[in-house]
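These notes concern the structure reproduced below.
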Protein chains: 2
Amino acid sequence: MAIIRNTIAKKAVFEIIQLNKTAMSQTEIFAKANNICDRVTVYRILERLVKEMKIHKIVNVNGVINYAPCNSCSHEQHVHHDHLHFSCTTCKKLTCISDNRIELNIPSNYQVAEVFLTVSGICPDCLIIT
Amino acid sequence: MAIIRNTIAKKAVFEIIQLNKTAMSQTEIFAKANNICDRVTVYRILERLVKEMKIHKIVNVNGVINYAPCNSCSHEQHVHHDHLHFSCTTCKKLTCISDNRIELNIPSNYQVAEVFLTVSGICPDCLIIT
DNA sequence: TATAATTATGCAACATTGTTGCGTTTACAA
DNA sequence: TTGTAAACGCAACAATGTTGCATAATTATA
Ligand SMILES: [Mn+2]
Ligand SMILES: [Mn+2]
Ligand SMILES: [Zn+2]
Ligand SMILES: [Zn+2]
């Protein structure tokens, strides 16, 4: 079993993700990290944090991968998240929205593993401004 | 108002998309196009076909953008598709699955525009092989 | 048909996002 | 304190997508 090390960079990256209200891409996280480590290291730290189930991965509607903290992830729910994501077309922010039950209507010959549900539109912050 | 031109390359790209059972990325489409045009042209043709509502765009779970033909797209439904997509973890193919009603449970201060629902798992073809 | 205007293309160059290999450093257990 | 696995930096690469600009093809219209 591999030993998990809590390096300075890893702690910093995790804190950046935790303190932010919305999900962030590697680029955004690296920008906030103030050159605490190389950008490749950020990628590798993110991989580890996902594996350790401290954060989860979300593909935004434009194809860019974002990361957000896991709040109550069990081993089974870690990837197959029970919540949806909201992608704001104005501020481009991606937000985790609390649990949402959906009923899938898929032919029985498909074996379902994970459900990815992302809704785009305008977030509350951007609606106020308008 | 812009005039729509049906060029040889555009017809070829559209036919490639129509004849394929699953959605395809620009890379796959270009590979099948047999150097009928430059790869940049394929990107531009895809943009036009999306605008003309002949095809639609789907972001796969890995972040790569795929394209599939539109079957019964109205102006309103063009992007806000009423169907879900199945992403096979084995053969990596992305398939459009016919309509699927879902009930969203989003706070009312979010203004919803489009819904993106992608399910991953194992497709029927890959299940048979196993 | 000839000419002008518009649309589409090729090519080169660039941007962004993500990955890999490898030698070196660091964290942690013993 | 020290050995070793884990993490890191750096350089190089890969995949995907975008932009500018000169040229070619198509369509409009005189
Ligand atoms: Mn989330
Ligand atoms: Mn589809
Ligand atoms: Zn917003
Ligand atoms: Zn499959």
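All figures in this text were calculated on a predicted structure; none of them were measured in a lab. The chains referred to below are lettered A, B, ... by the order of the sequence lines, with proteins before strands, and numbering in each begins at 1. These numbers come from the heavy atoms of this one structure, side chains and all, not from hydrogens, waters or symmetry mates.
Of the possible polar contacts, none joining the N60(A) side chain to the I58(A) backbone as a donor-acceptor pair under 3.5 Å is found. Although no hydrogens or angles enter the test, the distance criterion places no donor-acceptor pair under 3.5 Å between the side chain of H83(A) and the main chain of I97(A).
A search for side-chain contact (heavy atoms from CB on, under 4.5 Å) contacts involving I4(B) returns K10(B), E52(B), not counting sequence neighbours. Scored by the ring-ring contact (aromatic ring centres under 6.0 Å, His included) test, F86(B) finds Y110(A) as partners (sequence neighbours excluded).
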Nucleotide by nucleotide, nucleotides 16-25 of chain D touches protein heavy atoms under 4.0 Å in the pattern (B base, S sugar-phosphate only, - none) SBBBB----B
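Checking dT9(C), dG9(D), dG10(C) against every side-chain atom of R48(B), the shortest atom distance belongs to dT9(C).
The other residues sharing a hydrophobic cluster with L127(B) are I122(B), where clustering joins ILVMFWY side chains under 4.5 Å apart. L19(B) belongs to no hydrophobic cluster, as no Ile, Leu, Val, Met, Phe, Trp or Tyr side chain comes under 4.5 Å of its own.
For the pair I29(A) CD1 and dT17(C) C1', the interatomic distance rounds to 13 Å; values are reported in whole Å. In this structure, CG of L46(B) is placed 11 Å from P of dT9(C), rounded to the nearest angstrom. When the P atom of dT25(C) is taken as reference, atom CG of D38(A) falls 15 Å away, rounded to whole Å. Atom CD1 of I3(A) and atom P of dT26(C) are 18 Å apart (whole Å). Between N35(B) atom CG and dT9(C) atom C1' there is a gap of 14 Å when expressed in whole angstrom units. The distance between atom CG of L49(A) and atom C1' of dA7(D), rounded to the nearest whole Å, is 13 Å. Taking atom CD1 of I4(A) as the reference point, atom C1' of dA29(C) lies 15 Å away to the nearest angstrom.
Within the structure, the side-chain hydrogen bond (donor to acceptor under 3.5 Å, both in side chains) test picks out the following pairs touching residues 12-23 of chain A (sequence neighbours left out): N20(A)-T22(A), N20(A)-K32(A).
Using a 4.0 Å cutoff on non-hydrogen atoms, the parts of residues 7-22 of chain A near DNA chain D are T7(A), A9(A), ordered by number.
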Indicate every side-chain donor-acceptor pair of residues 88-95 of chain B with a distance under 3.5 Å to a residue at least two apart or in another chain.
residue: T89(B); atom: OG1; partner: G121(B); partner atom: O; Å: 3.2
residue: K92(B); atom: NZ; partner: T89(B); partner atom: O; Å: 2.9

Less than 3.5 Å apart, which donor and acceptor atoms pair up between the side chains of residues 33-45 of chain A and the rest of the protein, not counting sequence neighbours?
residue: D38(A); atom: OD2; partner: V40(A); partner atom: N; Å: 3.0
residue: Y43(A); atom: OH; partner: Q26(A); partner atom: OE1; Å: 3.4

